[in-house]
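This report concerns only the one structure given below.
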Amino acid sequence: MKKTFTLGTAITLALAAPAFAQDLLVFDYSGFEDPSFHQPYIDQHGSAPEFVFFGDEDEAFQRLLAGFRSDVTHICAGSVPRWQESGIIEPWDTSRIAAFADLNSDLVGADVLAGSSDLYFLPTDYGSTALIYNSDEVADDAVASLEIFNNPEFAGRLSIPDNVDDAYALAYLATGVSDWSDVTDEQFEAATAWLRGIHENLLTYWVDPAEIQQLMASGQVLAAWVWNEVPVALAEEDFPVGFARNTEEGTSVWLCGYVNMTEGEGSEDLAYDYVNALLSEASAGPLLENGFGSANDAALQALGAEALEASGLGEVTVPVLAQLPISNEQRERQAEAFERIKAGF
């Protein structure tokens with residue numbers, strides 16, 4: 001079971017950390033401290049690294065700029081350009097990444113490299129974002145299209161993430177865009193107008209997977225745009241859940257990984273041991289069981305197509321919008337518009 005830490009707890013942990021250098025301090029989302037995700041590291045060193053948690057990447061970024069020190073930090077691909085330009089991260093030495101040759105080539109491309117020959121972002125985990133629905137209450141044909149979010153029949157019983165990247169991935173797909181790397185002003189305005197149009201139909205913008213799981217289980221929400229770990233968790237509770245990844249407009253894929261902090265005070269050797277453990281064959285199964293695909297494609301595919309499908313990572317036949325890095329200007333423009341929409345403007 002994943003542990004849940006409040007922001008206050010995370011800050012307390014950070015302030016309680018000793019002033020001297022740690023062996024290895026991992027700055028992460030709550031849940032990734034699961035020992036099964038890095039068991040080879042524990043086997044090698046006798047214990048897990050120290051974890052400090054953040055709520056979202058903007059918070060993490062500001063805390064690091066303010067002087068908090070970590071050795072490695074878990075972020076998603078959309079944040080890479082800003083972090084790289086800030087100077088707080090340094091490249092990984094790919095010769096020290098044991099599974100580098102086995103990483104999914106689609107996850108380690110020019111976009112992830114952010115225009116550099118150096119690898120500033122090491123992909124470790126990914127997943128899908130698609131339409132979840134209560135299969136007892138919602139007919140399959142109702143979720144054939146993302147236009148369910150504009151369907152008055154479901155007004156007030158829909159939800160999308162309180163996350164600008166996920167929201168705009170949905171909106172771009174709904175308005176015919178499956179590659180957000182170079183959208184036009186017209187495409188951005190169309191996606192923004194679509195998000196503004198569905199605002200009144202939403203019950204809420206969900207913040208974390210536990211929240212949307214509860215809203216689905218209670219019947220308050222009948223359909224939502226979610227990460228694939230959510231239907232996995234609901235299915236384990238015998239909830240009648242459907243996960244529509246083949247909606248006619250398409251589906252989305254998110255990608256996360258670790259960055260190597262420039263001013264980390266811990267051991268560089270341990271940093272490589274940690275990411276190597278995450279990308280090991282031993283970690284691929286536990287990650288998938290929790291709804292995360294390993295970037296180690298060889299290890300992931302070895303688990304079989306049935307296991308991938310059960311975790312919401314099976315093959316799809318529709319367009320896929322990959323949430324790879326975008327320019328700071330585009331992300332800021334999207335973030336500003338999203339905040340205005342949520343405020344009712």
Side-chain angles (χ1 to χ4, degrees), residues 2 26 28-29 31-44 72 74-78 80 92 94-113 119 121-130 132 166 169 209 226-236 243-246 250-259 272-325:
K2 295 181 181 178
V26 180
D28 216 324
Y29 286 100
F32 276 85
E33 76 279 13
D34 187 325
S36 67
F37 293 175
H38 52 267
Q39 189 61 48
Y41 180 97
I42 297 173
D43 294 342
Q44 183 179 1
V72 295
H74 198 181
I75 67 173
C76 295
V80 175
W92 291 100
T94 58
S95 70
R96 300 183 66 181
I97 307 298
F100 189 73
D102 291 325
L103 298 188
N104 186 324
S105 60
D106 291 335
L107 307 182
V108 192
D111 289 332
V112 171
L113 292 172
L119 185 74
F121 171 77
L122 177 64
T124 55
D125 53 289
Y126 77 96
S128 59
T129 310
I132 194 177
D166 288 316
V226 303
W227 307 324
N228 60 288
E229 64 186 278
V230 176
V232 171
L234 286 170
E236 289 176 351
F243 194 45
R245 294 187 66 214
N246 280 295
T251 188
S252 182
V253 172
W254 54 262
L255 169 63
C256 298
Y258 286 80
V259 287
Y272 281 94
D273 288 345
Y274 178 71
V275 296
N276 281 326
L278 274 165
L279 289 169
S280 68
E281 293 181 9
S283 298
L287 283 166
L288 189 63
E289 290 170 5
N290 284 271
F292 306 111
S294 172
N296 183 338
D297 195 52
L300 184 64
Q301 296 304 322
L303 298 174
E306 186 176 341
L308 290 172
E309 186 66 34
S311 292
L313 294 176
E315 293 185 4
V316 294
T317 58
V318 295
V320 176
L321 187 151
Q323 294 178 215
L324 293 170

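These numbers were taken from a predicted model, which means no experiment stands behind them.
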Can you find a pair of side-chain heavy atoms, one from Y258 and one from L278, that are under 4.5 Å apart?
yes

Within the 4.5 Å heavy-atom criterion, are L287 and N290 side-chain neighbours or not?
no

Value for OG (S294) from CG (L300), rounded to nearest 0.5 Å, stands at 6.0 Å

In short, N228 meets V232 closest at the heavy-atom pair O-CG2, 3.3 Å

Set out, in order, the CA-CA distance, both residues' side-chain angles and the distance that settles side chain to side chain contact (heavy atoms under 4.5 Å, CB included) for Q301 and L308, then state yes or no.
CA-CA 8 Å; Q301 296 304 322; L308 290 172; 3.7 Å; yes

Given W92 and Y272, is the ring-ring contact (aromatic ring centres under 6.0 Å, His included) satisfied, shown in steps?
CA-CA 9 Å; W92 291 100; Y272 281 94; 5.2 Å; yes

Return the CD1 to OG distance between I42 and S36, rounded to the nearest 0.5 Å.
8.5 Å

If you take all heavy atoms of V226 and P231, which pair is closest and at what distance?
CG2-CD, 4.1 Å

With side chain to side chain contact (heavy atoms under 4.5 Å, CB included) as the test, would you mind laying out the steps for F243 and V230 before giving the verdict?
CA-CA 9 Å; F243 194 45; V230 176; over 6 Å; no

Can you tell me how the ring of H38 sits relative to the ring of Y274, calling it parallel under 30°, perpendicular over 60° and tilted otherwise?
tilted

Check whether any side-chain N or O of N276 sits under 3.5 Å from a backbone N or O of R96 as a donor-acceptor pair, and report yes or no.
yes

Please give me the minimum heavy-atom distance between P40 and A282, naming the atom from each residue.
CG-CB, 4.0 Å

Enter the distance from L103:CG to L279:CG here, rounded to the nearest 0.5 Å.
5.5 Å

For F32, what residues pass the ring pair (Phe, Tyr, Trp, His ring centres under 6.0 Å) criterion, not counting sequence neighbours?
F37, H74, F292

Give a yes or no answer on whether the side chain of S283 reaches the backbone of A277 with a donor-acceptor pair at less than 3.5 Å.
yes

Hey, what do you get for OG1 (T317) to CZ (R245), rounding to the nearest 0.5 Å?
10.0 Å

Over 12 foreign heavy atoms within 6.0 Å of CD, E281:
no

Is it true that a side-chain atom of E229 and a backbone atom of W227 form a donor plus acceptor pair closer than 3.5 Å?
no

Does a donor on one side chain and an acceptor on the other come within less than 3.5 Å for E289 and S311?
no

Quick check against the 3.5 Å criterion: does T251 have a side-chain atom that pairs as donor or acceptor with the backbone of A130?
no

Write down the atom of A99, the atom of N296, and the distance for their closest heavy-atom approach.
CB-ND2, 3.5 Å

Rounded to the nearest 0.5 Å, what separation is found between the OG1 atom of T94 and the CZ atom of F100?
5.0 Å

Side chains of Y126 and N104, donor plus acceptor under 3.5 Å:
no

Determine, step by step, whether T129 and L321 satisfy the side chain to side chain contact (heavy atoms under 4.5 Å, CB included) criterion, reporting the C-alpha distance in whole Å, the side-chain angles of both residues, the deciding distance to 0.1 Å, and the verdict.
CA-CA 10 Å; T129 310; L321 187 151; over 6 Å; no

Could you check whether any side-chain heavy atom of L313 comes within less than 4.5 Å of a side-chain heavy atom of S128, counting everything from C-beta outward?
yes

Any side-chain to backbone donor/acceptor pair from N246 onto V316? Under 3.5 Å, distance only.
no

Heavy-atom nearest pair, A169 first then S252, reads CB-OG, 3.6 Å

Rounded to the nearest 0.5 Å, what separates atom CH2 in W254 from atom CG in D166?
9.5 Å

Taking it one step at a time, do C76 and Q323 satisfy side chain to side chain contact (heavy atoms under 4.5 Å, CB included)?
CA-CA 9 Å; C76 295; Q323 294 178 215; over 6 Å; no

